[in-house]
Every structure is written in structure tokens, then in C-alpha cells.
Amino acid sequence: MAFPQRQAAIVGVYTTKQGKLPDRSSFSLQLEAIKGAVDDAGLTLADVDGLLPMSLTDHLAGTPAHQFWAEQLGERPLSLVELGGASGQLAKAAAAIAAGLTEVAVLFYGKAGQLVGPRGTVAPKDKAPRVPEWSFMQHGAYMTTWYALWARRYMHEFGVTSADLAEVAVFTRHHAVLNPDSVMGRKGEITVEDVLSSRYICEPLHLLDCSIDNDGGYAIVIASAEVARNCRHEPIWVLGGAEAYYTDFYGTINDPWFPEGGKSVRKATDRAFGLAGITRDDVDVAGMYDCFTITTIRNLEEMGFCKLGEGADFVREGHCRLGGRMPTNTDGGLLSNSHSGDPSGMHTIEVVRQLRGACGDRQVPDARIGVSLQQGWAVHGMGSVLVMARD
Amino acid sequence: MTYLKPLPDTSELNRPFWEGLRQHEFRVPRCADCGDWNWIPYPACRSCQSEHQVWTAVSGNAVVWSWSVVHRGPGAFNDEVPYTVVLAKLAEEPRSLIVTGNLVGIDPAEVTMGMPLTVVYEEVPEEDITLYRFAPVR
Ligand SMILES: [Zn+2]
């Protein structure tokens with residue numbers, strides 16, 4: 001059984017303003033994004049018959065997402081509703097479109113007014129808060145701590161330094177400076193020294209090793225080949241995609257933690273590239289979930305663009321930077337463009353814009369094949385990959 | 001002083017673990033069928049899916065597998081920065097080897113990779129619960 005290549009295409013993308021948006025609600029960002037992406041495709045809401053809410057998208061309390069959005073978008077029956085994490089969700093949507101389950105589906109997310117980082121946790125006044133039984137929160141840990149913990153182990157095992165990690169923040173900020181819509185671009189370029197002298201959040205991770213924490217929304221429209229040919233923009237075809245799940249939610253460190261053969265991200269990448277019929281060398285532009293600098297280094301290894309322990313070398317050799325072999329996170333990524341809570345779809349949007357040739361100063365010349373990676377739970381726990389092509 | 005840091009919402013299923021902490025024992029589910037250890041506790045053995053697991057006390061001896069000094073803490077933890085969170089590798093090497101915990105009784109600057117640790121117990125005032133922490137072996 002082969003993946004239905006080029007039978008579905010991304011036809012619309014939209015990002016709301018990203019940043020501090022005190023006057024907006026999550027819902028209004030979601031709605032703006034849905035309308036914006038549908039309009040970008042040259043379609044109308046009446047054409048939409050599938051919905052792909054990101055897993056962390058909130059909706060009217062007490063009503064399942066399916067029913068809330070079906071009613072909100074015009075009291076019409078919808079053919080397909082699939083929650084997920086962007087890259088893999090779009091791969092499954094492409095397969096569903098090819099199988100006739102839906103014709104036009106919209107992936108969306110939006111969040112306002114709620115911080116994801118430690119500033120979002122307020123100390124109670126009178127009684128200790130309860131957390132799930134094995135939650136790392138009872139030990140004072142949170143996501144940054146968890147990434148910091150295995151980052152230190154990784155650095156110890158492979159001789160990687162804080163300056164190596166900082167190189168990721170530096171090239172990603174360079175891309176953000178070239179992206180007029182990025183949150184951090186206007187702050188200008190940074191150096192390795194800037195990263196190392198920024199304050200520690202959780203050692204060995206400094207402030208500038210961490211993604212930003214802002215509001216924002218986005219949406220992506222995927223449609224059948226027939227619909228895609230009549231849309232406003234050139235279709236960006238889905239060649240393949242896959243997802244993989246492995247560990248639980250920050251509860252366990254499996255042994256070995258850094259296996260040669262990789263974990264979820266490797267499995268999803270191998271499958272996606274196999275289905276798409278491409279090799280690592282075919283990738284012109286990549287978007288990879290980069291919640292911390294260490295994440296990009298491990299993504300590169302797990303996706304098989306370099307060997308285990310060589311991710312920092314790959315970055316230092318300039319392959320990820322615009323002008324390099326495989327420009328990565330050309331919008332500035334989660335580190336310097338936007339991290340709005342569940343931002344995995346942003347990487348796909350930037351790759352689509354690159355394949356459309358719509359990226360202005362940050363355009364990768366002649367980008368033809370692009371890849372987006374969503375990952376979670378420390379690069380090991382889950383991953384999903386989408387392979388896209390311009391023609 | 002009232003304890004305001006997060007506490008676990010304990011379940012009936014894992015009552016023997018929390019009861020163990022009260023008796024200053026760190027208990028890990030061990031599979032009665034294949035002998036494998038399972039941490040964090042899961043309802044069935046990850047190796048053979050047997051539901052016959054036995055809460056078995058470990059020695060409490062461990063080494064530092066990794067650690068992080070936290071400078072920006074969530075909620076009430078932020079009053080205690082800098083503090084140390086450790087991934088401790090238990091001597092028995094239960095799957096998944098590593099237990100997350102607070103490291104107490106040491107200056108964060110003195111923590112080293114592989115340093116010997118032991119489990120210590122902290123009774124939470126005004127709450128009927130004992131928590132585990134790690135401390136260096138002196
Ligand atoms: Zn077993």
C-alpha cells in the first residue's frame with residue numbers, strides 16, 4: 001500500500017499577529033485564523049467539511065470540539081474531525097482526502113492570555129495545589145527543567161558545550177531578523193556570548209536557550225487535488241507523512257535515552273521519507289519544533305540528517321542557516337518567531353511559504369521539497385513529519 | 001508554615017507507594033511473572049503486560065544521572081531558587097532507571113555527575129503525606 005502522493009495539497013495558510021495580545025481571546029484568534037487561511041486559499045467557509053483542531057485547542061467548555069465547531073461554523077454537518085499535532089495530523093488528513101472522507105479540511109490553533117512558562121503558575125495563598133500522582137511539578141520541575149536535565153546528560157555524554165547550544169539560538173534569531181512578522185526579530189541579531197550571558201532559567205539552559213512565550217493563532221487548509229488546482233495559490237503537495245508515539249508525559253527516562261537507532265522522531269521520519277520517496281539529501285528547507293536550543297540539535301540527529309552526537313557540528317558547519325545546505329526554521333522558530341502554546345503547525349506554515357517562494361528576504365532559492373517536524377516530550381516521546389513539494 | 005508547593009493527587013491503586021514513604025521505604029512495582037521493575041508505576045508490567053506486580057522496597061541508594069539548578073521556579077517553588085532537581089539512577093536499576101526528585105542538603109554548585117545519593121523522606125506539615133527527596137551520601 002503506497003501513500004497517496006500528490007492527491008492532497010496545502011492550499012491556504014494564515015498566521016494572526018503573534019506576541020502579547022491582551023485584547024484578544026483564544027477563540028477570536030482561532031476564528032480569525034480559520035477565516036484567514038480559507039481566504040488565502042480562495043475558498044469560503046462553506047467549502048470546508050473537515051476540521052483539524054490542534055490537540056491543545058480549547059473550545060466551549062462542556063461541548064466536544066467536534067460539535068462546537070460544526071455548529072459555530074454554520075450549523076453544517078462536517079465529514080471529518082481529527083485532533084492532533086500538525087505534521088502527522090496533516091498526513092492523516094491527506095490520506096483521508098484521498099480516501100474520500102473529506103475534501104477541504106482546516107487545521108487551526110489560537111491562544112491568548114495564558115502563559116505556558118513558569119510565570120503562568122501562580123503560588124496559592126492557603127493550600128498546596130494538587131498535581132497528578134507522578135507529576136514532576138511536585139519536585140519543582142517543569143518543561144524547561146526536564147529539557148535541561150537531559151540536555152546536561154547529553155552534553156556530558158557527547159562533549160557538547162553551552163556555546164554549541166547557543167549557536168542554535170544565534171542562527172534562529174538571524175532568521176527572525178529577516179522575518180518582519182517575528183516577535184523577536186526587531187531585537188536584532190544575537191551572539192553566542194549574548195546567549196551565554198543571559199540569565200539561567202534551569203541550568204544548563206539560559207533564557208536565550210528557551211523558546212518565547214506569547215499569544216497567537218494560525219491555520220492551514222488542506223484540500224483534494226481537484227479543489228487545489230482551482231485555488232488562489234499554487235498547490236503545495238503532500239508527498240508523505242507519518243507519526244510515532246513512545247513515552248509518557250515527562251514521567252520516565254527510558255534506557256538507553258540516546259540510542260543510535262533513535263526513538264519516535266526517527267521512526268516517524270523514516271516512515272514519512274519512505275512513503276514520500278525522498279532521501280535526506282532531497283530536503284531543501286526544514287521546519288523543526290525547536291522549544292529549546294538542545295531540541296534542534298537532537299531533532300537533526302533523530303531525523304537522521306547527521307549521526308548521534310553530531311547535531312552541534314551540523315549546526316556549527318552552517319547547514320541550518322540561510323545559505324546553508326538545509327535552511328531550518330527560517331521564520332525564526334519557536335526560539336525567536338513565536339511560541340503560542342501549541343505552535344507545531346507554524347513550522348509547516350513557514351515551509352509552505354518557502355515552497356511558494358513567498359518569503360522575501362529569507363527566501364530559500366528554488367526551494368522545491370520541504371519537511372516539517374512536530375515533536376513532543378523531549379524529542380523521544382512523540383514525533384510527526386510531513387513531506388511537501390512545490391510541483 | 002503551610003506547605004504551598006504542588007502535592008500529588010494520590011490514587012488507591014498506588015496507595016502502597018505512599019504508605020511506603022510514611023514508613024521510610026521507597027517501593028517500586030516489580031513484576032511477579034518476569035521479574036522486571038517498573039518506574040514510574042504503571043498498572044501492568046511494561047515487559048510482559050502482567051498485572052501481577054509486587055510493591056518491593058529498594059535500597060534507596062542512587063547516583064546522579066543528571067541534574068539542573070533551577071533559577072526560575074513555578075509557583076511557590078520560586079521562593080526557593082536556586083534549588084536542584086535531580087534525575088537519580090537507583091542502584092536496583094528499575095525500569096526506567098531514573099527517578100525525578102528534589103536534591104536537598106547540598107549547595108547546588110557542588111553537585112557532580114555520578115555523585116552517590118540516598119532517598120530521604122519529608123513529612124509535609126498539616127498534610128497527611130510524606131514526600132521523597134534525594135540527598136548526598138555523607
Ligand atoms: Zn513482567
Side-chain angles (χ1 to χ4, degrees), chain A residues 115-157 198-207 210 213 246-258 378 380, chain B residues 2-11 13-14 17-18 38-42 46 64-89 93-103 108-109 111 113-114 124 126-127 129 131-134:
Chain A
L115 294 166
V116 179
R119 284 179 301 153
T121 307
V122 178
K125 296 265 185 300
D126 51 354
K127 190 168 165 60
R130 260 51 182 182
V131 294
E133 204 158 20
W134 310 114
S135 168
F136 57 15
M137 291 180 68
Q138 59 192 287
H139 313 298
Y142 56 104
M143 279 192 224
T144 309
T145 324
W146 190 258
Y147 278 77
L149 285 162
W150 67 257
R152 187 190 295 278
R153 185 70 199 187
Y154 173 84
M155 293 160 79
H156 171 78
E157 288 193 20
S198 66
R199 64 190 164 86
Y200 275 126
I201 303 299
C202 296
E203 293 180 42
L205 300 180
H206 305 80
L207 179 67
C210 303
D213 191 357
Y246 182 29
T247 60
D248 56 42
F249 197 89
Y250 305 114
T252 49
I253 291 275
N254 306 79
D255 180 47
W257 185 244
F258 305 109
H380 307 80
Chain B
T2 310
Y3 189 92
L4 294 174
K5 295 179 286 188
L7 288 174
D9 191 5
T10 62
S11 69
L13 183 70
N14 295 313
F17 176 79
W18 303 105
N38 285 279
W39 184 265
I40 57 176
Y42 264 32
R46 291 161 170 85
V64 172
W65 189 82
S66 193
W67 79 99
S68 176
V69 181
V70 178
H71 294 261
R72 183 64 176 90
F77 267 106
N78 202 41
D79 298 336
E80 299 182 3
V81 294
Y83 59 88
T84 307
V85 176
V86 68
L87 293 175
K89 183 172 179 175
E93 303 204 352
R95 175 202 311 259
S96 61
L97 297 174
I98 309 293
V99 177
T100 312
N102 253 165
L103 180 55
V111 184
M113 203 64 90
V124 179
E126 300 170 37
E127 301 270 5
I129 190 162
L131 299 177
Y132 70 86
R133 309 288 190 206
F134 288 95

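This one's a predicted model, so the numbers in the text were calculated from it and none came from an experiment. Proteins come first, then strands; the chains are lettered A, B, ... in the order of their sequence lines, and each starts at number 1.
Ranked by heavy-atom pairs shorter than 4.5 Å toward chain A, the options Leu131(B), Val124(B), Asn102(B) are led by Asn102(B). Looking only at heavy-atom pairs under 4.5 Å with chain B, the residue among Asp126(A), Ile201(A), Thr144(A) that has the most is Ile201(A). Contact tally against chain B (heavy-atom pairs below 4.5 Å) for Arg153(A), His156(A), Arg199(A): the top residue is Arg153(A).
Across every non-hydrogen atom of Pro6(B) and Met137(A), the tightest pair is CG-O, 3.6 Å. The shortest non-hydrogen separation linking Gly140(A) to Val70(B) is O-CG2, 4.4 Å. Of all heavy-atom pairs between Ile40(B) and Thr252(A), the closest is N-CG2, 3.3 Å.
Note that CD of Glu157(A) and CE of Met113(B) are 8.0 Å apart. Values are rounded to the nearest 0.5 Å. For the atom pair CH2 (Trp150(A)) and CD1 (Ile98(B)), the distance works out to 14.5 Å, reported to the nearest 0.5 Å. In this structure, the separation between CH2 on Trp67(B) and SG on Cys202(A) is 14.0 Å, given to the nearest 0.5 Å. In this structure, the separation between CZ on Arg152(A) and OG on Ser68(B) is 6.5 Å, given to the nearest 0.5 Å. To the nearest 0.5 Å, atom NZ of residue Lys127(A) and atom OG1 of residue Thr2(B) are 10.0 Å apart. Between the CH2 atom of Trp146(A) and the CG atom of Leu87(B) there is a distance of 5.5 Å, given to the nearest 0.5 Å.
Relative orientation of the Phe17(B) and Trp134(A) rings is perpendicular, given thresholds of 30° and 60° on the angle between their planes. In this pair, Phe258(A) and Trp65(B) present their aromatic rings parallel. The plane angle is below 30°, not in the 30 to 60° band. Taking the six-membered ring for Trp and thresholds of 30 and 60 degrees, Tyr200(A) and His71(B) have nearly parallel ring planes, at less than 30 degrees apart.
With a 4.5 angstrom heavy-atom cutoff, Pro82(B) does not touch chain A via any of its atoms. Neither the backbone nor the side chain of Leu103(B) comes within contact range of chain A; no heavy atoms are under 4.5 Å apart. Using a 4.5 Å cut-off between heavy atoms, Thr100(B) contacts chain A through both its backbone and its side chain. At a 4.5 Å heavy-atom cutoff, Glu126(B) makes no contact with chain A through either its backbone or its side chain. Both the backbone and the side chain of Tyr3(B) come within contact range of chain A, each with at least one heavy atom under 4.5 Å from a heavy atom of that chain.
Between His139(A) and Tyr132(B), the gap from one ring centroid to the other is short of 6.0 Å.
Between Glu203(A) and Val111(B), every side-chain heavy-atom pair lies at or beyond the 4.5 Å cut-off.
For Glu133(A) (side chain) and Ser11(B) (main-chain N/O), a donor-acceptor pair under 3.5 Å exists by modelled atom type. Listed for the Tyr142(A) side chain is no donor-acceptor partner under 3.5 Å among the backbone atoms of Pro74(B).
When the shell of 6.0 Å around CE of Met155(A) is examined, it contains more than 12 heavy atoms from other residues, nucleotides or ligands.
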